[in-house]
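Below is one structure, written out as structure tokens; the observations come after it.
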Amino acid sequence: MISVKEAQRLILAGVKTGPGGRAGLLASVGRVLAGDILSPEDLPRFAQSAMDGYAVRPEELGSDELKISGEIYAGGAPAPALKAGECAYITTGSVVPRNAGAVLPVEDVIAERGRIRVRARAGKGDNIRPAGDDVRKGSLIAGKGALLTPQAVGVFGALGVTRLKVFLPPSVGILTTGSEVEAIDVRRLVKNKIRNSNLCSLLALLGAAGVEPAFSENLEDRPGSLAGFLRKLKKLPEIVILTGGVSVGGHDHVKQELEEAGVRRLFWKVAQKPGKPMYAGVRDGTLFLGLPGNPAAAITCFYLYALPAINKYMGRESLFLPARPALLTDRLKAGGSRTLFLRGYYKDGKVEPLRGQGSHMLAPFLRTNCFIELKPSAPLTLKKGERVRVLLLA
Ligand code: AMP
Ligand code: MG
């Protein structure tokens, strides 16, 4: 049995960052830029008023009284140049007349009978946002390797950048296995059948990682069913995620079938709980990840092995779940020869180990927002308040 770290290393050693391709702006959120982006425009696009007020010429900054020559509204017709002794009413965001030197805020003047009296003087450039003040045309707005966040999208939108070169997601196929496994929406399940919860977990986990599955299928525990499915595929995806059938049961054919189909084993069995039967192999550039069938093990192994591989392919900087120190809210029995990944609820620097850690148990996931990672050790009881390491889930 190898360690979790070694298993991750073996998987990631074979994963390269994938190709870049052009994608729509909103479809690119959560993806990494595959090239530098230079601004095609100035932002603001034109010199604009920062206030509702009166645009005045620089020569008029010392004047006490001015005539109101007209009104300028955002989106309205371009205003003519200001004449001597005149000002123009202007609203926030409007194009300032080309010879304006400042905008006097409405609060600083008294407007009466077509004239303003200035109560507080302004300096040159006051309340005018110069063109390119925010972003200069031609400047680097985002470099290759930057993650496109939801909060950054508006910048690209404002500049009219609607398509971006980003690292594309890998193609990922999902194969669940088990003759007992049925679709989740079957109305009346026969007693010996179960619903394919792993498939819906994996679809959701992939979706959260920004990946749409290339295919998803459940295969019967029958020799030849996996090999037959693979043979029929026109093209293997970059990653095939399997669940179940990787343990030591009489119907666990996955490893053998993959290897008979030419898959080279990277490892089988990792010193971890849950998730010990985890399998990984490669063939012709396709990574095969055989997650255990037990739901908690499948989900844990997705986060530990599949997600980092996807993240690396997509050029993301952080491959692994972010780790934090946390103080236990309860005592906890730990230790053993395997790394434990216990489901926990993390809040304000404290972590509650959730009840029901069996690898078949799904309900704890309703509150899980982290894994408590406990390295192998002699059996011990961790006390309430003791510091542990947690891996945060989104
Ligand atoms: P296996 O590793 O195939 O022996 O599966 C271990 C346990 O996980 C068994 O109780 C299976 O019924 C269950 N299991 C396997 N695949 C799935 C699945 N796709 N969804 C839910 N449970 C599953
Ligand atoms: Mg099975």
Side-chain angles (χ1 to χ4, degrees), residues 1-2 4 7 172-209 211 213-230 237 239-261 263 265-281 288-307 338 340-343 356-366 368:
M1 262 196 301
I2 62 170
V4 173
V172 180
I174 306 178
L175 295 173
T176 61
T177 68
S179 298
E180 75 280 31
V181 176
E182 292 273 4
I184 56 169
D185 57 358
V186 170
R187 280 299 264 301
R188 278 172 208 273
L189 272 188
V190 186
K191 171 130 184 219
N192 58 358
K193 301 285 185 180
I194 62 166
R195 298 182 198 279
N196 197 347
S197 71
N198 284 351
L199 176 59
C200 68
S201 300
L202 291 171
L203 289 172
L205 290 164
L206 278 182
V211 179
F215 57 77
S216 61
E217 191 91 16
N218 183 65
L219 304 174
E220 297 230 354
D221 291 319
R222 179 168 46 75
S225 65
L226 173 54
F229 181 88
L230 294 177
I239 303 175
V240 178
I241 298 178
L242 304 108
T243 70
V246 288
S247 200
V248 290
H251 290 279
D252 291 338
H253 306 293
V254 166
K255 304 177 297 294
Q256 195 187 334
E257 292 216 17
L258 287 178
E259 293 179 2
E260 279 171 12
V263 172
R265 181 184 298 197
L266 292 173
F267 61 80
W268 176 44
K269 287 191 180 167
V270 184
Q272 68 175 89
K273 188 179 173 185
K276 176 175 151 191
M278 176 73 200
Y279 173 91
F288 291 83
L289 296 174
L291 316 185
N294 271 312
I299 294 170
T300 306
C301 286
F302 178 91
Y303 279 112
L304 293 176
Y305 304 109
L307 186 60
R338 297 185 272 162
L340 304 180
F341 294 95
L342 303 178
R343 287 169 279 179
Q357 295 284 349
S359 70
H360 62 293
M361 289 179 130
L362 271 167
F365 277 120
L366 294 170
T368 298

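Start at 1 and go down the list; that is how both ligands and their atoms are numbered. Atom set for the values below is all heavy atoms of this structure, side chains included, hydrogens, waters and symmetry mates excluded. This one's a predicted model, so the numbers in the text were calculated from it and none came from an experiment.
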With heavy-atom distances below 4.5 Å as the criterion, would you say the side chains of [X] and [Y] are in contact?
{"X": "I239", "Y": "F288", "answer": "no"}
{"X": "R343", "Y": "M361", "answer": "yes"}
{"X": "Y279", "Y": "D252", "answer": "no"}
{"X": "T176", "Y": "L242", "answer": "no"}

**Message:** Under 4.0 Å between a side-chain nitrogen and a carboxylate oxygen: does that hold for R195 and E182?
**Reply:** no
When you pair each N or O of ligand 1 with protein N or O atoms, which pairs come out under 3.5 Å?
unit_1	atom_1	unit_2	atom_2	d
ligand 1	3 (O)	G245	N	2.9
ligand 1	8 (O)	G293	O	3.1
ligand 1	8 (O)	N294	N	3.2
ligand 1	12 (O)	E180	OE2	2.5
ligand 1	14 (N)	G293	O	3.3
ligand 1	19 (N)	N196	OD1	2.7
ligand 1	20 (N)	S197	N	3.4
ligand 1	20 (N)	N198	N	3.2

**Item:** Donor-acceptor under 3.5 Å (N294 side chain, A297 main chain)
**Value:** no
